[in-house]
Amino acid sequence: MTAIRVRFAPSPTGYLHVGGARTALFNWLLARKTGGTFILRIEDTDVERSTKESVDAILQGMEWLGLDWDEGPYYQSDNFNLYKEYVQKMLDAGTAYRCCCTAEELNRKRDLAMQEGRKPKYDGTCRERIDQPDAPYVVRFRAPQGGEVAFDDLIKGRIAFPAEELDDLIIQRTDGTPTYNFCVVIDDAVMRITTVIRGDDHVNNTPRQIQLYQALGFAVPQFAHVPMILGSDKARLSKRHGATSVIAYRDMGYLPEALMNYLVRLGWSHGDDEIFSREEMVRLFDIGNVGRSASVFNPDKLNWLNAHYIKTGDPERLADLLLPHLSSRNVSTLSGPALMDVVKSLQERAQTLEEMADRAVFYYNAPVSYDEAALTKFDKAHLATMYAVVAERLLSSGAANAADFDQLFKDICTENSWKMPQVGQPLRIALSGGTQAPGIGEIIHVLGVEEAVRRINATREFVAA
RNA sequence: GUCCCCUUCGUCUAGCCCGGCCCAGGACACCGCCCUUUCACGGCGGCGACACCGGUUCAAAUCCGGUAGGGGACGCCA
């Protein structure tokens, strides 16, 4: 058995979206699992719409996800001469011919055919003509007629098309540039691609491409067509369903391993397993276990996975990743508590890094206002004495870790016959400004006794005023 | 219109190829309870699906046929 060679072939007309990322992922997984080769090829034959920015955005998305490629990126625009050569070969061999039908003429015929309920395929006007008018022309593939073209899709099983459905597709435009269906075939053949994994919007192209392979004398690769990803309304996933760009997910505070895990489970499964490390997906992946039907992108589940990876992630790494989200909130970590401790106290409380950043702000910027609604639930006099007692005990106790502090508060409660909520909640407000925060002991441990006392005193004064 | 594909809880899916272990399992979300100094985490429980109709069979989510619905393609885009 020859080594697997797969490719991801995006067209650079936009960023890397989640659908493309999943296709890339499946390719990458198959290559890594089998020790094969993963090739990146940029399909930029449409010079009009292709941009350098898009290429960069795609590369950036791939890199962020850790989808490293072994060859490329190759650019189809570098291969124009090669395509020309093959067009000429086909012309010489008679498997292609010049067609002088104008675009307008073709459009008219197509519309008419649709109206009359016929298949809008090329009628073959120029297929058999022998004169060579001196007019602009395209080159068409002389598609074999009769019989059927079939292939065994690795995901969908056997798919067959009657040859009558296939018309003579254009392989070279009037301006001399080659078209997509022709270029893919040449490239996949020349790059010795063994397995073509792509979106299932390409199934209809596959039989034409197979005919081209055969006309050119190339070996036909295997095909695997991955179902699409839909939005919550079951329509093709688009911007109005929320973010579709991989990089947007990074900016919203998602971890690459979470997105990868989410994407791999969208369509593929391994029994009841949900959590897959990079190594596990490589080991367990099987293109045959990819489902045949489209799936809906579910942000809730992505959130759950992201929360999982935040919970179990390395605090040091998370701290690094959190930095940009903090600076966009005008938070500086140059002074104040160690960011790693902050992260640790927040790991179980954040679904995204954005959320973590929101919750981390108070550690660095002392509260400038308090949740007064929550504060008014407590008696003013009680607040004043409680804050004073706690501040004093904090300074004298010598407690040094979260558990110590929590114990200290229990002691204070019994000594003064206070209930824990009477102490905990006002303290939380003093320390963080609000009512939702990590445990009191944790906060003080991270903040340090000195800063904690400063904040408690500030709140005591605020309450007294 | 024509061709191709798809159809299990709201969503992602297991099971389907090799019928019985499935009055259909897991996960997300949702609801409830527990834990608890808040918010979370966690634990426990609940709600909830084989698109429909026929056939084959002792037995069908699983096999066969049809219907309906959805999607894709039909470009001198990729």
Side-chain angles (χ1 to χ4, degrees), chain A residues 9-13 43-46 48-50 76 99 101-103 106-107 110 113-121 136-140 153 156-157 159-162 164-167 169-175 177-181 183-184 198-207 225 227-228 230 232 234-236 262 265-275 288-289 291-305 307 311 346-351 359 374 406 409-410 413 419-429 432 434-441:
Chain A
S11 67
T13 52
E43 312 234 309
D44 57 352
T45 48
D46 185 353
E48 299 288 300
R49 297 198 302 151
S50 300
Q76 288 191 321
C99 169
C101 299
T102 63
L106 260 17
N107 284 334
R110 186 158 41 234
M114 288 268 232
Q115 264 175 34
E116 292 177 352
R118 301 194 327 269
K119 177 86 183 170
K121 54 182 272 192
Y137 63 90
V138 299
V139 178
R140 282 185 188 271
D153 192 276
K156 292 175 181 278
I159 302 178
F161 292 78
E164 290 71 54
E165 291 300 322
L166 282 11
D167 61 357
L169 84 171
I170 293 171
I171 60 178
Q172 186 179 87
R173 303 184 181 94
T174 312
D175 65 3
T177 57
T179 59
Y180 165 77
N181 275 298
C183 296
V184 250
R198 72 214 323 186
D200 75 356
D201 46 339
H202 286 286
V203 283
N204 293 273
N205 291 327
T206 307
H225 288 99
M228 330 191 16
L230 311 174
S232 49
K234 308 248 179 158
R236 193 183 197 130
Y262 179 69
R265 278 288 289 109
L266 208 54
W268 175 77
S269 61
H270 181 263
D272 287 337
D273 299 345
E274 296 288 349
I275 304 293
N289 280 122
R292 294 155 297 280
S293 53
S295 31
V296 173
F297 190 89
N298 179 200
D300 281 333
K301 190 148 186 181
L302 208 211
N303 282 338
W304 174 74
L305 279 165
K311 251 179 294 178
L346 262 15
Q347 276 181 287
E348 292 196 338
R349 286 167 236 270
Q351 289 197 309
R359 290 166 172 264
D406 284 332
F409 296 126
K410 281 180 188 153
C413 277
K419 298 273 185 219
M420 199 58 193
Q422 291 181 281
V423 175
Q425 202 63 335
L427 263 183
R428 198 183 318 282
I429 295 170
S432 73
T435 56
Q436 302 181 9
I440 306 288

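Lettering of chains follows the sequences in order, A, B, ..., and the numbering in each one begins at 1.
For A:Glu165, whose side chain is taken as the heavy atoms from C-beta onward, the closest listed nucleotide among B:C3, B:A73, B:U11 is B:C3. With B:C76, B:C77, B:C4 as the candidates, the nucleotide lying closest to the side chain of A:Ala103 is B:C76. Listed candidates were B:G26, B:A78, B:C74. Nearest to the side chain of A:Thr45 is B:A78. Nearest nucleotide to the A:Asp201 side chain, out of B:G26, B:A73, B:U37: B:A73. Looking at the side chain of A:Ser295, the nearest of the listed nucleotides B:C4, B:C12, B:A78 is B:C12. In the set B:A14, B:A78, B:U13, B:A78 carries the atom at the smallest distance from any side-chain atom of A:Tyr180.
A:Ser432 comes within 4.0 angstrom of nothing in the nucleic acid, heavy atoms only. Within 4.0 Å (heavy atoms only), A:Cys99 reaches no atom of the nucleic acid at all. Contacts of A:His202 with the nucleic acid, taken as non-hydrogen atoms under 4.0 Å apart, include base atoms. A:Glu274 comes within 4.0 angstrom of a nucleotide base, judged by non-hydrogen atoms across all strands. Nucleic acid contact class of A:Asp406 (heavy atoms, under 4.0 Å, all strands): base. Heavy atoms of A:Val296 sit under 4.0 angstrom from primed sugar atoms or phosphate atoms, though from no base atom.
An anti orientation is assigned to B:C34, its glycosidic angle lying beyond 90° of 0.
Contact between A:Ile440 and A:Gly424 at its shortest, heavy atoms only, is CD1-O, 3.3 Å. Residues A:Pro136 and A:Thr174 approach most closely at CB-CG2, 3.6 Å, considering heavy atoms.
Residues passing the salt bridge (charged side-chain N to carboxylate O under 4.0 Å, His left out) test with A:Lys121: none are found, sequence neighbours excluded. Evaluation of the side chain to side chain contact (heavy atoms under 4.5 Å, CB included) rule for A:Pro299 yields A:Phe297 as partners, not counting sequence neighbours. For A:Val139, the side chain to side chain contact (heavy atoms under 4.5 Å, CB included) partners are A:Val87, A:Leu91, A:Ala96, A:Tyr137, A:Ile171, A:Gln172, not counting sequence neighbours. Applying the salt bridge (charged side-chain N to carboxylate O under 4.0 Å, His left out) criterion to A:Arg198, with sequence neighbours excluded, gives no partner residue. For A:Arg140, the side chain to side chain contact (heavy atoms under 4.5 Å, CB included) partners at least two apart in sequence or on another chain are A:Tyr97, A:Cys99, A:Leu106, A:Tyr122, A:Val138, A:Asp168, A:Ile170. Shown here are the side chain to side chain contact (heavy atoms under 4.5 Å, CB included) partners of A:Ser269, two or more places apart in sequence or in another chain: A:Arg265. Residues that satisfy the salt bridge (charged side-chain N to carboxylate O under 4.0 Å, His left out) test with A:Arg236, not counting sequence neighbours, are A:Asp201.
Rounding to whole angstrom units, CD1 of residue A:Ile159 and P of B:C5 are separated by 6 Å. Between A:Asn205 atom CG and B:C3 atom P there is a gap of 18 Å when expressed in whole angstrom units. Nucleotide B:C3 holds its P atom 12 Å from the CZ atom of A:Phe161, rounded to whole Å. Look at CG on A:Asp200: it is 20 Å from P on B:A78, rounded to the nearest Å.
When the C1' atom is used for both B:A29 and B:G48, the distance is 12 Å, rounded to whole Å. The separation of B:U8 from B:G70, taken at their P atoms, amounts to 15 Å, rounded to a whole angstrom. Nucleotides B:A27 and B:C63 have their C1' atoms positioned 30 Å apart, rounded to a whole Å. For the C1' atoms, the distance linking B:C47 with B:U67 amounts to 32 Å, nearest Å. Nucleotides B:C76 and B:C16 are separated by 44 Å at their P atoms, to the nearest Å. Comparing the same atom, P, in B:C33 and in B:C39 gives a spacing of 13 Å after rounding to whole Å. Atom P of B:C50 sits at a distance of 12 Å from the matching atom of B:U62, rounded to the whole Å. B:C5 and B:G43 have their C1' atoms separated by 44 Å, with the value rounded to a whole Å.
With the nearest nucleotide of RNA chain B identified for both A:Asp300 and A:Pro421, A:Asp300 has the one nearer the 5' end. Ranked by how close their nearest RNA chain B nucleotide is to the 5' end, A:Asn298 and A:Phe409 are led by A:Asn298.
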Atom pairs under 3.5 Å, N or O on each side, protein against nucleotides 16-20 of chain B: can you list them with distances?
none

Please tabulate the protein-to-nucleotide N/O contacts below 3.5 Å involving nucleotides 45-53 of chain B, giving atom names and distances.
none

At a cut-off of 3.5 Å, list every protein nitrogen or oxygen paired with a nitrogen or oxygen from nucleotides 64-71 of chain B, distance to 0.1 Å.
none

Anything under 3.5 Å between a protein N or O and an N or O of nucleotides 39-42 of chain B, put it in a table, one pair a line.
from: B:C39; atom 1: O2; to: A:Arg349; atom 2: NH1; distance (Å): 3.1
from: B:C39; atom 1: N3; to: A:Arg349; atom 2: NH1; distance (Å): 2.5
from: B:A40; atom 1: O2'; to: A:Glu348; atom 2: O; distance (Å): 2.4
from: B:C41; atom 1: O3'; to: A:Lys311; atom 2: NZ; distance (Å): 3.2
from: B:G42; atom 1: OP1; to: A:Lys311; atom 2: NZ; distance (Å): 3.1

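For A:Tyr180 (side chain) and A:Glu43 (main-chain N/O), no donor-acceptor pair under 3.5 Å exists by modelled atom type. The closest donor-acceptor contact from the side chain of A:Arg359 to the backbone of A:Ala437 lies at 3.5 Å or more, if one exists at all. Between the side chain of A:Asp153 and the main chain of A:His225, a donor-acceptor pair closer than 3.5 Å is present. The backbone N or O of A:Lys419 sits less than 3.5 Å from a side-chain atom of A:Gln422, completing a donor-acceptor pair.
A:Glu165 has its side chain out of reach of A:Asn204: every pair of non-hydrogen atoms, C-beta onward, lies at least 4.5 Å apart.
Under the 3.5 Å distance criterion, with hydrogens and angles disregarded, no donor-acceptor pair is assigned to the side chains of A:Arg428 and A:Ser432. If you check the side chains of A:Thr179 and A:Asn181, you find no donor sitting under 3.5 Å from an acceptor.
Within the structure, salt bridge (charged side-chain N to carboxylate O under 4.0 Å, His left out) contacts touching residues 294-305 of chain A (residues at least two apart or in different chains) are A:Glu274-A:Lys301.
Taking a pair to require two hydrogen-bonding distances under 3.5 Å in either a Watson-Crick or a G-U wobble arrangement, B:G45 pairs with B:C31. The pairing partner recorded for B:C58 is B:G20, the criterion being a Watson-Crick or G-U wobble arrangement whose two distances lie under 3.5 angstrom. Of the nucleotides present, none pairs with B:G75 by Watson-Crick or G-U wobble criteria with both distances under 3.5 Å.
At the phosphate of B:C76, neither OP1 nor OP2 sits under 4.0 Å from any side-chain N or O atom of A:Thr174. At the phosphate of B:C77, neither OP1 nor OP2 sits under 4.0 Å from any side-chain N or O atom of A:Ser11. When the side-chain nitrogen and oxygen atoms of A:Arg110 are compared with OP1 and OP2 of B:G75, one or more of them lie within a distance under 4.0 Å. At B:C12, none of the side-chain N or O atoms of A:Ser269 fall inside 4.0 Å of OP1 or OP2 (strictly under the cut-off). Under 4.0 angstrom from either OP1 or OP2 of B:A78 there lies at least one side-chain N or O belonging to A:Arg173.
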